[in-house]
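Naming: A, B, ... by sequence-line order, numbering from 1 per chain.
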Amino acid sequence: MEYMDILRQGSVYAAEHLIGWRLYVREVDGSLTGGVITETEAYTPEDKASHTHKGETLRNSAMFLGAGHVYVYFSYGMHWCMNLVAGSAGSGQGLLIRGIVPDKGIEKMRQRRNYQVDKLLTNGPGKVCQALGVTGTDNGALPAEGRFILLPPDGSLRLAVTATPRVGISRDTHRLWRFVLATE
DNA sequence: AAGTAGATGTTCT
DNA sequence: GAACATCTACTTA
């Protein structure tokens with residue numbers, strides 16, 4: 001399946017089924033930086049923890065652009081976090097990229113992350129954006145425009161996906177909308 | 001190994 | 001003012 005077909009199914013479906021896919025950013029020199037998506041969280045308008053729960057605002061407007069767009073927001077006054085927008089235009093749903101395992105451009109990520117040990121490079125949503133160089137200027141972008149690239153899982157990988165409660169929220173904590181890749 | 005505090009800006013009450 | 005889809009450094013055991 002194409003990644004767009006997965007995103008169009010909605011954020012919960014996409015958050016689960018994009019685990020194992022590879023997310024890359026194209027650098028200005030043309031090289032790729034990124035890796036395997038290992039952790040995601042889904043958000044929908046019905047969900048009280050979602051930025052879109054109270055409708056469209058200036059900050060969250062990219063979440064209403066429809067499947068395939070990128071929503072980047074500024075978190076806790078310090079960090080950028082990126083989502084892939086899912087569902088149809090106007091539906092206001094997306095999935096937060098919480099973690100990847102780098103497999104391209106690792107040296108660039110180490111520099112951007114101030115030479116953290118590799119295990120800590122991209123194991124959190126703020127860390128992912130810092131390592132990939134994603135900021136507010138990427139808000140509203142489309143992968144089709146070439147800066148973001150999504151590739152299917154490496155066929156040799158055995159994918160075991162686990163659903164858990166989401167991290168860092170205080171409302172609608174009962175939803176099992178965090179998905180992690182359990183490697184074996 | 002586990003817990004706490006501090007940084008810091010935007011959004012909402 | 002308070003809360004916040006976070007991260008790091010520093011404490012205590």
Side-chain angles (χ1 to χ4, degrees), chain A residues 6-7 9-19 21 23 25 33-35 37-87 91-102 106 108-141 148 150 161-181:
Chain A
I6 295 177
L7 286 174
Q9 308 285 318
S11 62
V12 179
Y13 180 92
E16 176 174 359
H17 290 89
L18 287 178
I19 294 288
W21 281 64
L23 171 67
V25 166
T33 298
I37 299 173
T38 54
E39 182 180 352
T40 62
E41 278 178 4
Y43 291 89
T44 76
E46 299 76 35
D47 156 32
K48 292 205 267 303
S50 171
H51 290 170
T52 60
H53 179 59
K54 293 182 179 163
E56 188 170 348
T57 64
L58 187 58
R59 170 171 76 155
N60 69 20
S61 62
M63 278 279 268
F64 292 85
L65 294 177
H69 290 264
V70 173
Y71 166 50
V72 184
Y73 69 94
F74 198 48
S75 175
Y76 288 96
M78 251 162 295
H79 310 287
W80 297 101
C81 295
M82 70 173 290
N83 292 250
L84 298 176
V85 179
S91 66
Q93 46 181 309
L95 53 126
L96 175 67
I97 305 297
R98 284 195 63 88
I100 68 175
V101 170
I106 298 186
K108 191 152 275 180
M109 292 193 237
R110 290 190 184 119
Q111 292 171 22
R112 290 193 177 123
R113 292 275 302 126
N114 206 18
Y115 293 96
Q116 280 282 354
V117 299
D118 286 0
K119 194 174 184 128
L120 305 177
L121 275 184
T122 50
N123 62 336
K127 300 178 188 181
V128 169
C129 283
Q130 187 184 5
L132 299 186
V134 172
T135 68
T137 63
D138 292 306
N139 190 37
F148 294 95
L150 278 159
V161 180
T162 310
T164 78
R166 292 171 294 176
V167 174
I169 58 167
S170 57
R171 298 176 307 185
D172 278 42
T173 54
H174 62 284
R175 302 181 193 270
L176 301 181
W177 282 0
R178 172 174 174 261
F179 300 93
V180 298
L181 176 62

State the CG-CD distance between A/L7 and A/Q93, to the nearest 0.5 angstrom. 10.0 Å

In this structure, how many angstroms lie between the C1' atom of C/dC7 and the CH2 atom of A/W80, rounded? 16 Å

A/N139 has an atom CG; how far is it from atom P of C/dA5, in whole Å? 16 Å

Dot-bracket, 5' to 3', for DNA chain C please: Watson-Crick or G-U pairs under 3.5 Å, [ ] where pairs cross earlier ones, | where the partner sits on another strand, dots elsewhere. ||||.|||||||.

How does each nucleotide of nucleotides 7-13 of chain B score, in 5' to 3' order, for protein heavy atoms under 4.0 Å: base (B), sugar-phosphate only (S), or none (-)? BBB-SSS

What's the spacing between A/W177 CH2 and A/T44 OG1 if we round to 0.5 Å? 3.5 Å

dist A/Q130:CD -> A/L132:CG (nearest 0.5 Å) comes out at 10.5 Å

5' priority, DNA chain C, between A/Q116 and A/V167 [closest heavy atom]: A/V167

May I ask you to say what A/R113 touches in the nucleic acid, namely base, sugar-phosphate or nothing, with a heavy-atom cut-off under 4.0 Å? sugar-phosphate

To the nearest Å, how far apart are A/R112 CZ and C/dC7 C1'? 18 Å

Rounded to whole angstrom, note down the P distance from B/dA5 over to C/dA3. 16 Å

In whole angstroms, the gap separating C1' of C/dA2 from CZ of A/R171 amounts to 13 Å

Nearest-0.5 Å distance, CD1 of residue A/I37 to OG1 of residue A/T122: 11.5 Å

Whole-Å gap separating P (C/dC7) and NZ (A/K119): 16 Å

Can you see whether A/Y43 has A/R166 sitting over its ring - NZ or CZ less than 6.0 Å from the centre and within 45° of the normal? yes

Once you round to the nearest 0.5 Å, how far does CE of A/M63 lie from CG of A/N139? 10.5 Å

A/E41 CD - C/dT6 C1' separation (whole Å): 12 Å

What is the distance from OH of A/Y115 to P of C/dT8, rounded to the nearest Å? 16 Å

To the nearest 0.5 Å, tell me how far A/L120 CG sits from A/K127 NZ. 5.0 Å

What is the nucleic acid contact for A/L96, judged by heavy atoms within less than 4.0 Å: base, sugar-phosphate only, or nothing? base

C1' atom, C/dA5 versus B/dG3: distance in rounded Å? 22 Å

Using a heavy-atom cut-off of under 4.0 Å over every strand shown, decide if A/M82 touches base, sugar-phosphate, or nothing. nothing

Identify all side-chain donor-acceptor contacts of residues 76-84 of chain A below 3.5 Å with residues at least two apart in sequence or on another chain.
unit_1: A/N83; atom_1: OD1; unit_2: A/L96; atom_2: N; d: 3.3

Gap between atoms OH and C1', on A/Y73 and C/dC4 respectively (whole Å): 9 Å

A/F148 and A/D138: CA distance, side-chain angles, deciding distance, side chain to side chain contact (heavy atoms under 4.5 Å, CB included) verdict: CA-CA 9 Å; A/F148 294 95; A/D138 292 306; 3.8 Å; yes

